Each structure stands twice: as C-alpha cells, then as structure tokens.
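Accompanying notes for the structure given below.
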Amino acid sequence: MSLFGFGKNAKTFRPKRSTPVGSKGVQLKRHIDATLGSGNLREAVRLPPGEKEEEWLAVNTVDFFNAASVLYGALEEFCTASTCPVMRAGRKYEYLWADGVRYKKPVRLSAPEYIEKLFDWIEGQMDDTTVFPVDYGKQFPSNFRDIIRRIFKRLFRVYAHIYHSHFKSVVALGVEAHLNTCFKHFIFFTKQFNLIEEKELAPLRELIGQFAPS
C-alpha cells in the first residue's frame, strides 16, 4: 500500500530531494536499491569497494531524509500542536530545538513545529553545495562527518516520536511494515558508520535490540 494519498494533508508532502554528487550519486543510488532488494541489510549499508565514504554517506543521507519525510507526511494530521504540544519520545525523553542561528538557546516547541524546523534545517544543509556537492569530484568540507552525524541524530528523533506517539496511527494506516523496514535500514546504516551516540538511541533501545542485535 502506498504512503502517498494517506490522510487529509497528503498535499503537505515535501518534494523528494535529488541525489547529490552527479552521475556518481545516481550510480550509488542504483547500488543501494539493488542491494536493498536482496533483503540483506548488512550488505546494503556497507561502503561499496572502491567508493569514497563521503559520497556514500551523502547519497544515503538524502535517501534516509526522503524516507523519514514521507513517513512523517503520512502522519501529519495526527501530529498537531494539541495532540503533541511537546516534542518527545515517551514520557522520559523530551527534545528542545536549537539551530545555532535563529534559536541559539534550546527552546521547547510542539512536535509538529520541531519536526518542521528539523526538516527545514536538514534541507538547508543538503541545498548547500559546499556541504553536499552537486558535481562529482567536488571536495567535501572537513566537518562533513560532523554534519552527517547531526542530521542522523535529528532524523532518529523523528522516528522516536513516531514510534512512541503515533504507532497506533501507523498501524491504522497499514504502514507498520514500511516504517519498520525504513527504521531498520536506518539503524543498520547508523551502526555501520557510528553516526549516533548510544545514549541518543535510548528511547528505542529495545526495538533496536530486536532489529539489529549486537
């Protein structure tokens, strides 16, 4: 069952982001799709022989952003300022927003406002060609991995909120299997390249243990 068309706010789906690093990115995207089709996630997340890690991280990051954006877009009508006045993952974990520019000090936001700013921030990184080069062979910045780690940490928070606050809606929409597949792929990739600190994974530690046992 397709995610598109679910819910009253289907028109709010963000456009899918294009694959970076030109023709090389398209080639790497084909490799991702082919290996994912085999069902072997451990193999799908490994850096292909002879490829540059930065390019592999860039192409996969765009892919993971697109997946999370579509998933959340299907649930937007259930995630409102009244149903989710605070961005949290269960009772124990609350997330405050800061971007170092407009929001220099962490502030409490509703979940939909937090996630909108989170997606906007990630899109800003991906639109910056000094961070995500459009052309193959262009230099990546020296802090590229730090930026990628920040993106993955924030994307994880979207998944954590969905699982803790909207899983009943996920089941009602019939997209539970798709959510689990996307998150499992995300976690395998995260662990392969050590992109998120263990303490940040705590809100979904039990689920992660089932999907990707150490």
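We number each residue from 1, following the sequence as shown. Because the structure is predicted, anything quoted here is derived from the model rather than measured. These values consider heavy atoms only, across backbone and side chains, with no hydrogens, waters or symmetry-generated copies.
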- [ ] Decide yes or no on side-chain contact (heavy atoms from CB on, under 4.5 Å) for K138 and T130, but give the supporting numbers first.
- [x] CA-CA 9 Å; K138 291 285 186 180; T130 66; over 6 Å; no

Open item on the list: Any side-chain to backbone donor/acceptor pair from H164 onto P203? Under 3.5 Å, distance only.
Closed with: yes

Open item on the list: To the closest 0.5 Å, what do you measure between CD (Q210) and CD (E206)?
Closed with: 6.0 Å

- [ ] Calculate, to the nearest 0.5 Å, the distance between atoms CZ and CG belonging to R154 and D99 respectively.
- [x] 7.0 Å

Task: Student check: side-chain heavy atoms of F65 and I151 closer than 4.5 Å - done: no

- [ ] Take H161 and I115, measure what side-chain contact (heavy atoms from CB on, under 4.5 Å) needs, and give me the verdict at the end.
- [x] CA-CA 10 Å; H161 180 71; I115 292 173; 4.1 Å; yes

- [ ] Find the distance between OH (Y72) and CD1 (I162) and round it off to the nearest 0.5 Å.
- [x] 8.0 Å

Open item on the list: Restricting to non-hydrogen atoms, name the atom on A44 and the atom on W56 that form the minimum distance, rounded to 0.1 Å.
Closed with: O-CZ2, 3.4 Å

TODO: Could you grab the distance from atom SG of C84 to atom CG of L109, nearest 0.5 Å is fine?
DONE: 13.0 Å

Task: side-chain hydrogen bond (donor to acceptor under 3.5 Å, both in side chains) contacts in which one or both residues fall within residues 85-94, not counting sequence neighbours - done: E94-R108

TODO: For residues F132 and M126, determine if any side-chain heavy atom of one lies less than 4.5 Å from a side-chain heavy atom of the other.
DONE: yes

Open item on the list: What I'd like to find out is whether the side chain of F193 reaches to under 4.5 Å of the side chain of I148, using heavy atoms alone.
Closed with: no

Open item on the list: Within the structure provided, determine whether E200 and R157 are in side-chain contact (heavy-atom separation under 4.5 Å).
Closed with: yes

- [ ] Step by step, work out the side-chain contact (heavy atoms from CB on, under 4.5 Å) result for F156 and T190.
- [x] CA-CA 10 Å; F156 173 82; T190 294; over 6 Å; no

Task: Within-4.5 Å side-chain heavy-atom neighbours: C79 and H166 - done: yes

Task: Within-4.5 Å side-chain heavy-atom neighbours: Y95 and V86 - done: no

Open item on the list: Which heavy atom of P112 sits nearest to which heavy atom of T80, and what is that distance?
Closed with: CG-C, 3.6 Å

TODO: Please report the shortest heavy-atom distance between P133 and F140, naming the atom on each side.
DONE: CD-CE2, 3.4 Å

Open item on the list: I need the S69 OG to L118 CG distance, nearest 0.5 Å.
Closed with: 10.5 Å

Task: Beyond-backbone contact of V107 with L96, side-chain heavy atoms, under 4.5 angstrom - done: no

Open item on the list: More than 12 heavy atoms of other residues, nucleotides or ligands under 6.0 Å from CZ of R102: yes or no?
Closed with: no

Task: Closest heavy-atom pair and its distance - Y163, F167 - done: O-CB, 3.4 Å

- [ ] May I ask you to test the S165-F78 pair for a side-chain heavy-atom distance under 4.5 Å?
- [x] no

Task: From CA spacing to verdict: side-chain contact (heavy atoms from CB on, under 4.5 Å), R42, Q192 - done: CA-CA 8 Å; R42 293 195 186 280; Q192 178 72 22; over 6 Å; no

TODO: With rounding to the nearest 0.5 Å, note down the distance linking CZ in R150 to CG in N143.
DONE: 7.0 Å

Task: Near-ring test F211/F188, centroid separation under 6.0 angstrom - done: no

TODO: Using a strict cut-off of less than 4.0 Å between a Lys/Arg side-chain nitrogen and an Asp/Glu carboxylate oxygen, indicate whether R145 and E54 qualify as a salt bridge.
DONE: no

Task: salt_bridge(E198, K191) N-O dist < 4.0 Å - done: yes

TODO: Classify the angle between the aromatic ring planes of F64 and F186 as parallel (below 30°), tilted (30 to 60°) or perpendicular (above 60°).
DONE: perpendicular

Open item on the list: Minimum heavy-atom separation for P141 and V131, please, with both atom names.
Closed with: CD-O, 3.7 Å

